[in-house]
There are 2 protein chains.
Amino acid sequence: MNLTFLGTSSGAPTRQRNVSALAIQPEQGRDWVLVDCGEATQHQLLRTGLSPLKLRAILITHVHGDHCYGLPGLLASCQLNGRTEPLTLVGPQAVWAYLQAVIKHTEMRIEYPLEFVAVTASLQMSRGGFHVRAAPLSHRVECWGYRLEEAHVPVKLDTARLQSEGIPPSPLYGELLKKEQVQLAGGRVLNSRDYRVPAYPARAVVVGGDNDRPELLAGLCRGANALVHEATYTEAVLQKVGPEPQHSSALKVAEFAREAGVPALILTHFSPRYRKASRKPSDLSIEDVRREAAAGYAGQLYLAEDLETYTISREGRVDLRAP
Amino acid sequence: MNLTFLGTSSGAPTRQRNVSALAIQPEQGRDWVLVDCGEATQHQLLRTGLSPLKLRAILITHVHGDHCYGLPGLLASCQLNGRTEPLTLVGPQAVWAYLQAVIKHTEMRIEYPLEFVAVTASLQMSRGGFHVRAAPLSHRVECWGYRLEEAHVPVKLDTARLQSEGIPPSPLYGELLKKEQVQLAGGRVLNSRDYRVPAYPARAVVVGGDNDRPELLAGLCRGANALVHEATYTEAVLQKVGPEPQHSSALKVAEFAREAGVPALILTHFSPRYRKASRKPSDLSIEDVRREAAAGYAGQLYLAEDLETYTISREGRVDLRAP
């Protein structure tokens, strides 16, 4: 399972970071799902191996421009490139109103089926290899976090159960993976599904939108392998800016991730004031954000960069894939 | 006077070319004017020395997405970066309706004065060091071409006239450039403005939008140094595609430029099917476009690439600036 960050800046793009977009891909196949679609997301995709024609769903957290101004262009380019397969758009109703207005005013043509699903707390859908759920967050406009859990986990035999029932290894074990029922030599009939278990726990990631109350993601985070959350500011800058923009500090997110027991935390959506390479001693550095988060959280901590891909292994381990 | 191409692809971006946008800058100062604003224009600007805070006007040719989907993001980033100075947007009424809808639906905040001017054939405005005029073109939606002529040409003395009137060179020549009136030793009073002429003819460039009738630009092209026009297809591809998209072939534009006597022609807005480097013999090459145009036009011919800057010298010569 792969997470590819297409944009990691808040508000406006910089030379190093585009605005928000995150591609999530299951282990098998070329299908994928996009969370948020800031301006120039389609441009970033040209620098990856992800095909817009294999995109199955777009989940938008909220209607602010840095999370959705790339939507019209991406959808229009899908049309130009001959897409015919359906695409699902999920998000607040305002996102659909925005998109419909753009389509109308600019005579944009979309002939493939584009389905809109207004996000609610009871959302349950499966697209692109994932089961998707959502939870409302706290921001200046309606905003949501999404949980994507892999839908297709291979099964293996529950050999412990078979042996505890006195059924020793034999060619019959193989039949239990292929047939619905298998009859033992003594006449006993086994229902195969009773002896099948997932080969590994389904992997899940939670992706927050802009949000000043990370604890609202507690439900979605239960059992998840990783949380992706904005850390727009450090605590000191957040105090200076004030609560009005309704963003989180690195510390706040780290403390939530620790309390929720999330094993991996990937921070993103950084204010452009945090520079990668400090030019002057007074420059704020992205390392300030990292230090603050690390002080509050002892799990696997990452600060996302554009075009990085993180993998979640079958064992649930999150790693940055070598470029 | 500089023309910097921020996007040269039609319809959708490619790895090498973004969608339409062209920055035009007078010789003096840092002000500039933008013609069209496809998605990720603000991203391209990050790769140039042009400051969005010095942008004085945006002229939009038509409301199709590849010419205006970068507008909301650019305007929003101006706000985030503290712009307070006014900005003028010129274009078809549909562009304003599109922008107003985006502002409304996405809660976009613009606090600097944003003035909209609906383009008409009688447009006469001065912004960013240019006099701007417009002419209607022929496309699937309302579409316009713009002429930008430099507004501030330094003056020099009309020494030929002075000498023909028997006024020989003297320190008085210098006074004619500073004072309104100058009195000769014999008592005669000269009105200085009668002896001042432009140091060189005002430079002008004409930028067409999408258009299948280049001859509609004949009026604007009179006396212009350069024409920038779409050449979406070669003639052969245009015949195959058919007239419905209402684009021009390289040949059609070249023939118009020859007949109009435009000394320099810069082609842009190429279909992504024309590749810079052919991978297979069947690939169409951008060199096909060049050859077709060169066959019909003997002036200075350029095919624009992204981030190229063309200069127009005081003598009116158009050159590609060394990167």
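Naming convention: chains lettered A, B, ... in sequence-line order (proteins, then strands); numbering from 1 in each chain.
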Please examine the side chains of A:Asn18 and B:His43, heavy atoms only from C-beta on, and report whether any two atoms are closer than 4.5 Å.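 With C-beta onward as the side chain, the pair touches.
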Heavy-atom pair count under 4.5 Å with chain A, highest-scoring of [options]:
| options | value |
| --- | --- |
| B:Ala12, B:Pro13, B:Ser77 | B:Pro13 |
| B:Leu80, B:Val141, B:Thr14, B:Thr106 | B:Thr106 |
| B:Pro72, B:Ala76, B:Gly38 | B:Pro72 |
| B:Ala94, B:Ala101, B:Pro272, B:Gly73 | B:Gly73 |
| B:Gly70, B:Ala97, B:Cys68 | B:Ala97 |

Got a sec: does the CZ of B:Arg140 have more than 12 other heavy atoms crowding it under 6.0 Å? yes
Are the side chain of B:Arg15 and the backbone N or O of A:Arg47 linked by a donor-acceptor pair below 3.5 Å? no
Let me know if A:Thr41 has heavy atoms under 4.5 Å from chain B in its side chain, its backbone, both or neither.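 Backbone only.
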Separation of A:Gln42 CD from B:Glu39 CD (nearest 0.5 Å): 4.5 Å
Closest contact, heavy atoms only, B:Met108 versus A:Tyr69: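 Nearest heavy atoms, B:Met108 then A:Tyr69: SD-OH, 3.3 Å.
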